[in-house]
Amino acid sequence: MVNVTDGYGSSILGYPRIGPHRELKRALEAYWRGAIPRDELLAVGRDIQERQFSELAATGLTQVPGNTFSFYDHVLDNALLFGAVPKRFEPFRTEMDPLDFYFLMARGRPDLPPLELVRFFGTNYHYRQPELDADTEFSLHPEALLDEFDRAKERGIELRPVVLGPLSLLLLSKAGQVPGEDEFDTLKLLDKLLPAYEQLFEILAKRGSTCVQLDEPAFTSERTPAELAAFEAAYQRLSKAPLRPRMLVTGQYGDFGEALRILAASNVEAIGLDLASYRIRPEELAEIPGIRRKRLYAGVISGQNVWRADRHVTLEYLNQLAQVCPDLVVSTGTTLLHVPYDLLIEYDIIGNVADRLAFAKQKVGEVVSLAKALTDGPSESWRKRPTEVHFKQKHAVRQRVYAVTPDMRTREPYEVRREAQQAKLNLPPVPTTTLGSFPQTGKVRQARYELGQGRLSFDDYKKRIEAEIEATIRLQEDIGLDVLVHGEHERNDMIQYFAELLDGFATTHFGWVQVYGSRCVRPPILYGDVSRPAPMSVEWISYAQSLTDKPVKGMVTGPVTMLARSFVRQDQPLHETADQVALAIRDEVVDLEKAGIAIIQVDEPALREMLPLRPQGRAEYLRWAVGAFRLATSGVKPETQIHTHIGYSGRAEVVEAIEELDCDVTAIVATRSIDWVVKALQADSGTEHRLSHGVGPGVYESRSARIPDIDELDELLTAAAEAITPERLWANPDGGLKTRHYWQLEPSLRNMVAAARRVRRRALERE
């Protein structure tokens with residue numbers, strides 16, 4: 001261990017990996033379409049790695065993480081590091097190039113679905129979920145990790161390899177299930193997995209590695225006694241490995257809970273805590289037996305938001321922690337994967353907002369500066385405390401929030417609305433629709449770019465977008481969908497589009513954050529009071545409705561999702577900010593209704609994402625989240641049908657929250673997980689909470705290139721139709737279709753319509 005007299009250390013737990021200018025995105029997409037060879041893609045990856053570890057070492061960090069780069073997803077990388085390949089992919093393992101086999105698991109192909117895409121701990125990031133069963137065998141494949149380690153060592157830089165911990169690898173995986181048997185417990189594979197970790201440790205130690213980082217984010221969620229016992233047994237064993245580097249075990253994304261006590265009592269040398277998400281009191285930390293003997297990676301700099309830390313408050317806290325854990329390293333609470341690269345390349349964020357921000361590069365600077373101040377005391381530049389920035393409050397916005405009454409969150413009873421809506425819409429049983437976005441063609445992106453550059457007038461831009469909207473309407477009519485959408489061609493992103501049109505948000509030009517693979521977004525920055533200066537979508541959707549006699553859905557992003565996928569102000573409670581956004585969206589919904597739009601979809605895919613990882617606070621979160629949605633949607637007449645779109649979750653409290661949204665139709669991501677939806681629909685399921693309104697359990701996986709056949713879709717819809725009446729069942733994809741190609745989309749939707757008509761026909765025959 002380093003002597004504290006040498007100074008306090010500094011480190012981070014991970015870094016963005018798409019490249020400062022999205023070099024990886026461009027290279028990936030070029031490789032996938034056959035425009036560049038494999039060697040060129042690999043060269044781009046190596047360049048990103050080498051620039052990253054060289055630049056981080058130059059900042060003054062005393063420890064630099066390694067193995068944080070990925071060509072698609074680090075969870076998938078870790079599954080392959082330990083040879084965890086699902087049986088359905090195994091036949092292709094030896095006959096394909098390793099890189100193409102990796103992309104096959106990540107992206108699938110028409111006859112082979114990819115690994116499921118799952119949200120990662122309430123962040124904007126998604127991972128490809130490994131699949132494990134009782135027959136899974138593990139084997140070590142560390143070539144990529146060791147290659148990067150060796151390249152850095154040649155430059156005089158020792159990397160600290162980052163590996164997903166064994167418990168989190170198993171708990172984040174999907175368990176295979178044998179028909180007629182209970183779901184397989186992935187933790188039963190722990191004894192088979194640990195030898196591969198011990199083998200990796202020995203190889204790293206012989207290579208000269210002095211420390212390895214094991215991430216265990218699964219233990220910042222509520223865990224069972226059996227899972228905690230497995231955690232304890234695993235780290236007792238690993239810490240006794242005969243030849244290994246020092247072990248740093250991190251608990252990112254929240255409170256490490258009981259896992260902290262277990263590690264403090266073990267022979268693990270170092271523990272990383274996300275103190276930016278959960279600030280443990282020094283006196284509480286001091287009560288944990290064994291903690292004083294550990295090196296503490298104090299994650300005081302957030303890796304999940306872009307707000308600059310108050311360095312004086314943070315330094316005072318670090319000084320208190322150092323009294324408990326003298327061997328202390330200043331760090332980030334999580335990897336910096338979830339924030340943009342560099343604030344300094346942004347040129348038009350207003351000054352009093354920019355002064356409060358820190359992107360990944362600036363956060364590294366904060367870590368180094370705090371470590372130096374902790375060692376040597378604050379420098380001269382610290383003497384004067386920065387002037388605190390206050391944003392001008394909008395009195396009208398705040399007064400409007402304070403004036404909200406309970407009846408503004410309430411609509412007429414569902415049965416009354418259902419009758420009025422059917423009289424107006426006259427939809428058939430099992431109506432078919434999509435969830436909003438259609439593919440963004442090169443022409444659309446080019447038009448948006450030229451408009452932003454001032455090379456295209458708005459009138460000409462409008463004509464191009466209207467042409468795309470008309471083509472989308474005609475295609476949907478030809479396919480036979482019952483409820484149409486305008487395609488969202490005018491929108492760069494479901495969050496950013498509205499953020500650009502609402503007061504209180506700032507947007508970036510280069511603030512890209514990886515969502516998965518080559519998919520990146522620019523999360524807006526919600527810094528002030530939110531209001532809607534003018535209608536945002538009414539003109540586009542009204543134009544689409546003018547082209548057809550079929551109903552066209554209005555598409556608006558919900559208040560909770562606007563918060564979840566933005567960097568949100570921290571100077572007021574989230575529920576107040578949510579209500580401000582909800583009132584702005586309420587105005588949009590009412591204006592859509594006035595324009596003659598009979599169905600309005602207010603998307604809340606992030607409702608489940610923001611649920612606290614531990615039980616404490618969940619009830620309060622769901623109370624205000626549901627309240628914000630109802631405030632946004634309760635200003636319309638009974639005959640106006642409100643839809644929403646949410647991510648899947650089998651949690652009873654989330655099922656209850658879906659019901660409390662009081663939405664007329666809820667579309668749910670359920671393609672791979674339809675069982676819990678069917679159970680929640682069944683009146684005799686024995687569950688306390690069930691879904692009683694209209695439901696569209698997404699039966700077509702929108703993020704896969706695979707084209708489902710009619711029989712498969714029929715089977716899924718039939719399972720749902722047996723749980724409820726077909727009049728309450730909708731057929732739809734499980735998400736937007738923005739990332740698909742038309743040659744994938746069109747046959748998939750035609751098959752979905754055909755399957756829905758089968759179910760509809762059988763239902764009518766039974767009457």
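In this text the structure is predicted, and so the values were computed from the model without any measurement. Numbers here simply count residues along the sequence, with the first being 1. Scope of the values below: all heavy atoms of this structure, side chains included, with no hydrogens, waters or symmetry mates.
- Under the 3.5 Å distance criterion, with hydrogens and angles disregarded, no donor-acceptor pair is assigned to the side chains of S457 and D459.
- Here the side chain of Q52 pairs no donor or acceptor atom with the backbone of E55 at under 3.5 angstrom.
- Side-chain contact, Q304 with T123: no donor N or O sits under 3.5 Å from an acceptor N or O.
- Side chain of R448 to backbone of R491: a donor-acceptor contact under 3.5 angstrom is found.
- In this view, E412 satisfies the salt bridge (Lys or Arg N to Asp or Glu O under 4.0 Å) rule with no residue, not counting sequence neighbours.
- Salt-bridge check for R474 with E477: passed, with a basic side-chain N closer than 4.0 Å to an acidic carboxylate O.
- By the 4.0 Å N-to-carboxylate-O rule, R417 lies close enough to D664 to be salt-bridged with it.
- The environment of Y449 atom OH is sparse: at most 12 non-hydrogen atoms of other residues, nucleotides or ligands sit within 6.0 angstrom.
- Evaluation of the ring pair (Phe, Tyr, Trp, His ring centres under 6.0 Å) rule for Y15 yields Y341 as partners, not counting sequence neighbours.
- Remark: D342 pairs with no residue by the salt bridge (Lys or Arg N to Asp or Glu O under 4.0 Å) rule, at least two apart or across chains.
- In this structure K738 satisfies the salt bridge (Lys or Arg N to Asp or Glu O under 4.0 Å) test with no other residue, sequence neighbours excluded.
- Looking at K394 and D503, a side-chain N of the basic residue comes within less than 4.0 Å of a carboxylate O on the acidic one, giving a salt bridge.
- With hydrogens and angles disregarded, no donor-acceptor distance shorter than 3.5 Å links the side chain of E450 to the backbone of A447.
- Put simply, the side chain of E346 gets close to the backbone of F510: a donor and an acceptor are under 3.5 Å apart.
- In summary, R51 and E23 engage in a salt bridge, as defined by a charged side-chain N under 4.0 Å from a carboxylate O.
- Residue I599 holds its CD1 atom at 12.5 Å from CG of L592, rounded to the nearest 0.5 Å.
- Ion pairing between a basic and an acidic side chain is recognised when a charged N comes within 4.0 Å of a carboxylate O; D460 and R455 show no such pairing.
- For D482 and T432, the side-chain atoms include at least one donor-acceptor pair closer than 3.5 Å.
- Under the salt bridge (Lys or Arg N to Asp or Glu O under 4.0 Å) criterion, E366 pairs with no residue, sequence neighbours left out.
- Aromatic ring pairs are classed by plane angle as parallel below 30°, tilted from 30° to 60° and perpendicular above 60°; the pair F71 and F103 is perpendicular.
- Looking at R119 and E609, a side-chain N of the basic residue comes within less than 4.0 Å of a carboxylate O on the acidic one, giving a salt bridge.
- A donor-acceptor pair is defined here as one N or O able to donate and one able to accept, closer than 3.5 Å; such a pair exists between the side chain of R740 and the backbone of S702.
- Judged by distance alone, with hydrogens and angles left aside, the side-chain atoms of S437 form a donor-acceptor pair with the main-chain N or O of L737 at under 3.5 Å.
- Put simply, the residue from N305, T577, D529 that forms a side-chain hydrogen bond (donor to acceptor under 3.5 Å, both in side chains) with R569 is D529.
- One finds the SG atom of C663 at 12.0 Å from the NE2 atom of H645 (value rounded to the nearest 0.5 Å).
- Relative ring orientation between W540 and Y461 is described as perpendicular, the plane-to-plane angle rising above 60° on a 0-90° scale split at 30° and 60°.
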| query | So Q641 and K424, side-chain contact (heavy atoms from CB on, under 4.5 Å) or not? Walk me through it. | reply | CA-CA 10 Å; Q641 192 172 78; K424 181 173 184 177; over 6 Å; no
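- Between F438 and Y742, the ring planes lie tilted relative to each other; the angle falls in the 30° to 60° range.
- Applying the salt bridge (Lys or Arg N to Asp or Glu O under 4.0 Å) definition to pairs two or more places apart or across chains, those involving residues 572-582 are R409-D579.
- Annotation: the span from I469 atom CD1 to E488 atom CD amounts to 10.5 Å, rounded to 0.5 Å.
- A donor-acceptor contact shorter than 3.5 Å is absent between the side chain of E470 and the backbone of L547.
- Look at K25 and E29 and you find a salt bridge, because one of the NZ, NE, NH1 or NH2 atoms lies within 4.0 Å of a carboxylate O, short of that distance.
- No donor-acceptor contact under 3.5 angstrom links the side chains of Q362 and R308, judged on distance only.
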